[in-house]
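Sequence lines set the chain letters: A, B, ... in the order given, protein chains first and strands last, and positions in each chain run from 1.
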Amino acid sequence: MNIRIPKGTQDILPEDISKWYFVENKIREVLIKYGYQEIRTPIFEHTELFVRGIGESTDIVTKEMFTFLDRKGRSLTLRPEGTAPVVRSYLENKMSRVYPVLKLFYLGPMFRCEKPQAGRFRQFHQFGIEVIGTKSPEVDAEVIIASIEVYKKLGLKNLEVLINSVGCKKCRAIYIQKLKEFIKDKIDFLCLECKNRYSKNPLRILDCKKDSCQKIIKKTPIITEYLCQDCQQHFAEVKSYLDILGIKYFVEPRLVRGLDYYTKTAFEIISGELGAQNAIGGGGRYDDLVEELGGDPTPAVGFAAGIERMIIVMNQQNVEWPKNRGLDIFVAKVKGINKDIAFKLLQKVRSAGLSADMDYSSKSLKSQMRLAHKIDVKYTVIIGEEELAKNMVTLRNMKTKEQKEVKIDNLIDELTLCINNV
RNA sequence: GUGGCUAUAGUGUAAUAGUAGCACAACAUCCUGUGGAGAUGUUUGCACGGGUGCAAAUCCCGUUAGUCACCCCA
């Protein structure tokens, strides 16, 4: 055991893989129903994409990226999130020419070099959706609803939707001004972190959980009161669409997200069962990002969710996972029977479209049966000398323990019939 | 990146300085050709590296990893 798995990564073992199939299938099923198309972008991109997209001063860019040089000295970065790559692809492939409004989703690993913790890994998986090319508030609502439906279809319960508007460039600047003015004479009472934030990213002060800061935060002006006409109306409409569809949400005027590109709508979906990392998904509108990355001004809105965190909550809520489906057929042979016969028969069964396996080591029939039981096969074909002399094999139903002799020539038909009846 | 706690067979645990044990799991035999039981038996372990001691799983230091909190986020 010399070489071990890198910190913060994990193997998804065969015993868990059906959970992942289940989750991934449900995600695709729901999102396709909502009219989203899957896109797969590379695992790594030019570092510049994330620096410009996510924001130079964000935590992700300053201290969480896996960045490396390729052999020609170009800086590449393992993607820490999915939105910037999708927008890059959108621009590079000139997708706007074909679809004025594009609805995309992605599903795959992301990388952030953080200290691992409950629900936090260095390689983790997200699914996300992006709608590029419309500023309609219905779409903000749809993105939220689509994500909620994914959660629901997976059996997740007791989730809360927190929503806020962080305004556009213009009104946010005004608000930040007001915020700074308000805090200015109280800055000595803030924690060290927040003192730094004051100049670097004052909005983030609102997120601080320290009691001393909270006292001040509670009295700060609220961004929603400073929204411009356009942002105010947009926010009101988003909420009304959620109301129309009966989605419960909490307006959280101090919700601020960690990525710089958000404008107007920002939202988070949280679960009480996750400890400190309670966000199971989050997103918002990013009306300036496409332009920031070199495209024409194009409004967009998106969402991303952490799949590991979803699975953690599902496990805690005792969601019933679909059972692993065992193989259809196991081929066993009695000692003394030529291996070739079993091997050939096995392949014949597989060719007929049934899943099948055998034990290649020459073990006793008993241990072969044990293996057949362990891997949960439906039927076992036993090749014995007496039957073989009659050109027959024994076919055993592992569930009912009934068995009968079948002519080898009729075996495939018989098996197909049996399996279809299970 | 900072701090607290943890590390013994595949899993879960005991021994707290003096022969590493138990349960489950796995495998085999009892049954010269039949899988969830039983009996018997077998295999598998002190995370890594140093230090103190006659003697270290046990005490000390470091590393690594896990875990929890902070920060931030999915």
Side-chain angles (χ1 to χ4, degrees), chain A residues 1-10 13 15 54 57-64 79-83 107-128 147 151 191-194 196-197 201 204 207-210 213 255-259 268-271 274-283 303-313 326 330 332-337 359 361 363-388 393-403:
Chain A
M1 283 287 282
N2 283 327
I3 300 174
R4 289 194 291 180
I5 195 167
K7 191 187 183 114
T9 63
Q10 50 190 173
L13 300 173
E15 63 202 61
I54 301 170
S57 68
T58 56
D59 283 352
I60 292 180
V61 169
T62 55
K63 51 189 191 190
E64 294 172 4
R79 61 179 186 194
E81 59 102 47
T83 301
L107 176 55
M110 304 291 165
F111 306 83
R112 291 185 200 170
C113 191
E114 296 183 88
K115 189 155 174 175
Q117 207 180 309
R120 173 187 291 163
F121 311 95
R122 289 187 168 185
Q123 173 173 347
F124 59 102
H125 295 76
Q126 286 188 330
F127 83 86
S147 58
Y151 295 136
C191 67
L192 192 68
E193 291 279 347
C194 286
N196 287 330
R197 288 171 176 154
N201 198 341
R204 209 63 64 69
D207 241 0
C208 189
K209 284 158 195 150
K210 294 209 175 70
C213 297
L255 175 69
V256 179
R257 311 215 70 245
L259 293 83
E268 225 163 69
I269 296 175
I270 62 171
S271 162
L274 277 172
Q277 273 66 48
N278 64 358
I280 197 169
F303 166 84
I307 295 178
E308 282 84 356
R309 288 191 187 175
M310 286 160 50
I311 292 177
I312 289 169
V313 176
F330 190 87
K333 69 171 196 64
V334 166
K335 248 175 228 162
I337 298 288
D359 186 346
S361 58
K363 281 186 184 162
S364 66
L365 183 61
K366 187 185 181 87
S367 70
Q368 292 177 66
M369 292 303 290
R370 213 177 304 184
L371 181 61
H373 172 248
K374 195 166 148 188
I375 62 177
D376 196 27
V377 300
K378 299 183 182 99
Y379 284 86
T380 299
V381 173
I382 300 165
I383 308 172
E385 295 194 56
E386 286 168 28
E387 301 94 308
L388 207 53
V393 290
T394 295
L395 177 57
R396 182 175 173 88
N397 181 327
M398 296 299 276
K399 202 171 173 187
T400 63
K401 301 185 181 183
E402 286 167 326
Q403 62 184 49

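Among the protein residues, Gly8(A) comes within range of the sugar-phosphate backbone only, with heavy atoms under 4.0 Å from sugar or phosphate atoms but none that close to a base. Counting non-hydrogen atoms under 4.0 angstrom, Glu64(A) reaches the backbone sugars and phosphates but no base. In this structure, Ile280(A) reaches the sugar-phosphate backbone alone: every heavy-atom distance under 4.0 Å involves primed, P, OP1 or OP2 atoms, never a base. Counting non-hydrogen atoms under 4.0 angstrom, Thr58(A) reaches nothing in the nucleic acid. Gly119(A) comes within 4.0 angstrom of a base, heavy atoms only. Counting any heavy atom pair closer than 4.0 Å across all strands shown, Ala118(A) reaches sugar-phosphate atoms only and no base atom. When heavy atoms are screened at a 4.0 angstrom cut-off, Glu387(A) is found touching base atoms of the nucleic acid. Using a 4.0 Å heavy-atom cutoff across all strands shown, Glu114(A) reaches at least one base atom of the nucleic acid.
A glycosidic torsion no more than 90° from 0 defines the syn conformation; rG10(B) lies beyond that range and is anti.
In terms of modelled atom types and a separation under 3.5 Å, the side chain of Thr400(A) and the main chain of Glu402(A) share a donor-acceptor contact. Between the side chain of Lys363(A) and the backbone N or O of Ser367(A) there is no donor-acceptor pair closer than 3.5 Å. Remark: side-chain polar atoms of Glu308(A) are not paired, donor with acceptor, to backbone N or O of Phe121(A) under 3.5 angstrom.
Residue Lys63(A) is the one, among Ala304(A) and Lys63(A), whose nearest nucleotide of RNA chain B lies closer to the 5' end (criterion: closest heavy atom). Mapped onto RNA chain B by nearest heavy atom, Lys7(A) and Arg122(A) fall at different nucleotides, with Lys7(A) at the one closer to the 5' end.
The side chain of Ser367(A) lies closest to rA28(B), out of rA28(B), rA74(B), rG35(B). When the nucleotides rC70(B), rG33(B), rG36(B) are ranked by their closest atom to the side chain of Arg120(A), rC70(B) comes out on top. With rU34(B), rG36(B), rG3(B) as the choices, the nucleotide that has an atom nearest any side-chain atom of Lys115(A) turns out to be rG3(B). The Lys374(A) side chain lies nearest to rC27(B) when the options are rG33(B), rC27(B), rG35(B).
Only the C1' atoms considered, rU13(B) is 12 Å distant from rG45(B), to the nearest whole Å. For the C1' atom pair drawn from rU52(B) and rC59(B), the interatomic distance equals 8 Å after rounding to whole Å. Only the C1' atoms considered, rA25(B) is 14 Å distant from rG36(B), to the nearest whole Å. Taking atom P in both rC22(B) and rG62(B), one finds a spacing of 36 Å when rounded to whole Å. The gap from the P atom of rU11(B) to that of rA47(B) amounts to 13 Å, rounded to the nearest Å. Nucleotides rA26(B) and rU8(B) have their P atoms positioned 22 Å apart, rounded to a whole Å. One P atom belongs to rA55(B), the other to rA20(B), and the distance between them is 16 Å to the nearest Å. rU58(B) and rU67(B): their C1' atoms are spaced 22 Å apart (whole Å).
Between the CD atom of Glu15(A) and the C1' atom of rG10(B) there is a distance of 10 Å, given to the nearest Å. Per the geometry, CG belonging to Asn278(A) stands 12 Å off P belonging to rC71(B), to the nearest Å. For the pair Leu388(A) CG and rG33(B) P, the interatomic distance rounds to 15 Å; values are reported in whole Å. Distance, Ile312(A) CD1 to rG66(B) P: 14 Å, rounded to whole Å. Residue Ile5(A) contributes atom CD1, which lies 19 Å from atom P of rC48(B) at whole-angstrom precision. Straight-line distance from the CZ atom of Arg79(A) to the P atom of rA74(B): 14 Å, rounded to whole Å. Here rC27(B) presents its P atom at 14 Å from CE of Met369(A), a figure rounded to the nearest Å.
Using a 4.0 Å cut-off, no side-chain N or O of Arg4(A) falls inside it from OP1 or OP2 of rC48(B). Not one side-chain nitrogen or oxygen of Lys335(A) sits closer than 4.0 Å to the OP1 or OP2 atom of rG33(B). Between rG35(B) and Gln368(A), no contact under 4.0 Å exists linking OP1 or OP2 to a side-chain N or O. For Thr394(A) and rG33(B), the shortest distance from a side-chain N or O to OP1 or OP2 is not below 4.0 Å. Listed pair Lys366(A) / rG35(B) meets the phosphate criterion, a side-chain N or O lying under 4.0 Å from OP1 or OP2.
Within 3.5 Å, a donor on the side chain of Gln117(A) pairs with an acceptor on the base of rC70(B), or the reverse. Between the side chain of Arg370(A) and the base of rG36(B) there is no donor-acceptor pair of N/O atoms closer than 3.5 Å.
Minimum interatomic distance between Gly384(A) and Ile337(A) (heavy atoms only, all atoms of both residues): C-CD1, 3.8 Å. For Pro109(A) against Arg79(A), the heavy-atom pair with the smallest separation is O-NE, 2.8 Å. Counting all heavy atoms, side chain and backbone alike, Arg396(A) lies closest to Gln403(A) at NH1-OE1, 2.7 Å.
In summary, the side chains of Thr394(A) and Glu387(A) do present a donor paired with an acceptor at a separation below 3.5 Å, with no hydrogens or angles considered.
Using a 4.0 Å cut-off between charged side-chain N and carboxylate O, Arg122(A) and Glu114(A) make no salt bridge.
We find the CD-CD distance between Glu81(A) and Gln126(A) to be 7.5 Å, quoted to the nearest 0.5 Å.
Taking 4.5 Å as the limit, some side-chain heavy atom of Tyr151(A) sits within range of a side-chain heavy atom of Met310(A).
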Revision key, fill the gap. Annotated structure of RNA chain B as dot-bracket, pair cut-off 3.5 Å, Watson-Crick or G-U only, | for inter-strand, is (((((((..((((....[..)))).(((((.......)))))....(((((..]....))))))))))))....
